[in-house]
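Presented below is the structure to which this report refers.
In this chain, numbering begins with 1 at the start of the sequence shown.
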Amino acid sequence: MVLERSDQDTLSLARHRPVSLLVRMVGYRGKEIAQRFELPGTGLGLVIPARLAFINLQTTGANPVRDRITRIGVLEAEGDRVSTWSTLVNPQRPIPALIQRLNGIRNEAIADAPTFAQVAAELADRLHGRPFVAHHARFNYGFVKVTTQGDHAEAQARRG
């Protein structure tokens, strides 16, 4: 879920007037579906979709253009069913020492892990048609979007 304001600001505004929140839906390779939810001024009547995907990423740094994903975790919720999926991802470059200390993922751990290209289809299937919910949504969404578009562009270039 991507909020344009902080959660506290949103809750404060909701007491005074209706607030619209933009929720980004993730589809297949750049086909994003946007959906709006309203928070009425009388309370937090946020309508939660029946299918959600909570995502968490670990990366080699903070720049989605320069850095790469090293771990993906997805919690899928549909009604009363919950499932999880996670994988290490080989970023095809060394993980900086500072990042290794921060997230505990070592170069040795990802040496035999699949690349993003090898897990992209499964990730897309898990996220398709579900709101993209994350603690740092802009960060996570930025990495998934840039990485997915990059893999798509590389695949198109190889096909000619």
Side-chain angles (χ1 to χ4, degrees), residues 1-11 13 19-39 46-49 51-78 82-107 109-111 113-158:
M1 186 173 289
V2 179
L3 301 178
E4 295 301 321
R5 299 175 174 268
S6 74
D7 292 338
Q8 191 60 42
D9 288 345
T10 301
L11 296 178
L13 286 170
V19 176
S20 295
L21 300 176
L22 173 64
V23 178
R24 290 191 180 157
M25 303 285 283
V26 176
Y28 288 98
R29 301 209 184 246
K31 295 184 180 177
E32 303 159 7
I33 305 162
Q35 188 172 358
R36 295 188 78 81
F37 297 95
E38 300 292 327
L39 286 175
L46 180 64
V47 176
I48 304 292
R51 300 177 66 225
L52 297 170
F54 299 85
I55 187 167
N56 184 47
L57 301 178
Q58 298 298 323
T59 64
T60 61
N63 184 322
V65 174
R66 182 185 62 232
D67 297 308
R68 299 291 179 261
I69 296 169
T70 57
R71 180 171 39 208
I72 304 169
V74 178
L75 183 141
E76 298 166 81
E78 188 164 349
V82 174
S83 63
T84 60
W85 174 78
S86 66
T87 184
L88 289 172
V89 178
N90 186 330
Q92 299 179 300
R93 64 186 60 190
I95 301 171
L98 172 64
I99 301 300
Q100 289 184 57
R101 286 192 300 276
L102 285 173
N103 65 24
I105 301 172
R106 307 282 181 254
N107 288 310
I110 51 96
T115 63
F116 186 84
Q118 292 171 314
V119 299
E122 184 167 1
L123 177 62
D125 286 342
R126 292 178 181 282
L127 298 179
H128 182 69
R130 297 173 187 257
F132 188 100
V133 184
H135 178 67
H136 294 290
R138 289 185 193 279
F139 176 86
N140 288 298
Y141 182 76
F143 267 91
V144 170
K145 183 176 180 179
V146 167
T147 304
T148 302
Q149 288 175 344
D151 284 349
H152 181 67
E154 289 170 19
Q156 294 289 64
R158 283 192 297 267

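Expressed to the nearest 0.5 Å, how far CD1 of I72 lies from CG of L127 amounts to 8.5 Å. One distance of note links CG of D67 with CG of L57; it measures 12.5 Å at 0.5 Å rounding. How far NZ of K145 is from CZ of R138: 11.0 Å, rounded to the nearest 0.5 Å. The OG1 atom of T84 lies 8.5 Å from the CZ atom of R126; values are rounded to the nearest 0.5 Å. The line from CZ of R106 to CD of Q100 is 5.5 Å long, rounded to the nearest 0.5 Å. A distance of 11.0 Å separates OG1 of T59 from CZ of R71, quoted to the nearest 0.5 Å.
Closest non-hydrogen pair, I105 versus Q58, comes out as CD1-CB, 3.7 Å. Of all heavy-atom pairs spanning I69 and F143, the tightest one is CG1-CD2, 4.0 Å. Across A77 and F54, no two heavy atoms sit closer than the pair CB-CE1, 4.5 Å.
Listed for the Q149 side chain is no donor-acceptor partner under 3.5 Å among the backbone atoms of V146. Of the possible donor and acceptor atoms, one in the side chain of T60 sits under 3.5 Å from a partner among the backbone N and O of R68.
Counting only heavy atoms from C-beta outward, the side chains of I55 and Y141 never approach each other to under 4.5 Å.
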Please tabulate, for the side chains in residues 86-99, all donor-acceptor contacts under 3.5 angstrom to protein atoms that are two or more places apart in sequence or on a different chain.
| unit_1 | atom_1 | unit_2 | atom_2 | d |
| --- | --- | --- | --- | --- |
| N90 | OD1 | Q92 | N | 2.7 |
| N90 | ND2 | I110 | O | 3.3 |
| N90 | ND2 | A111 | O | 3.2 |
| R93 | NH1 | R66 | O | 2.6 |

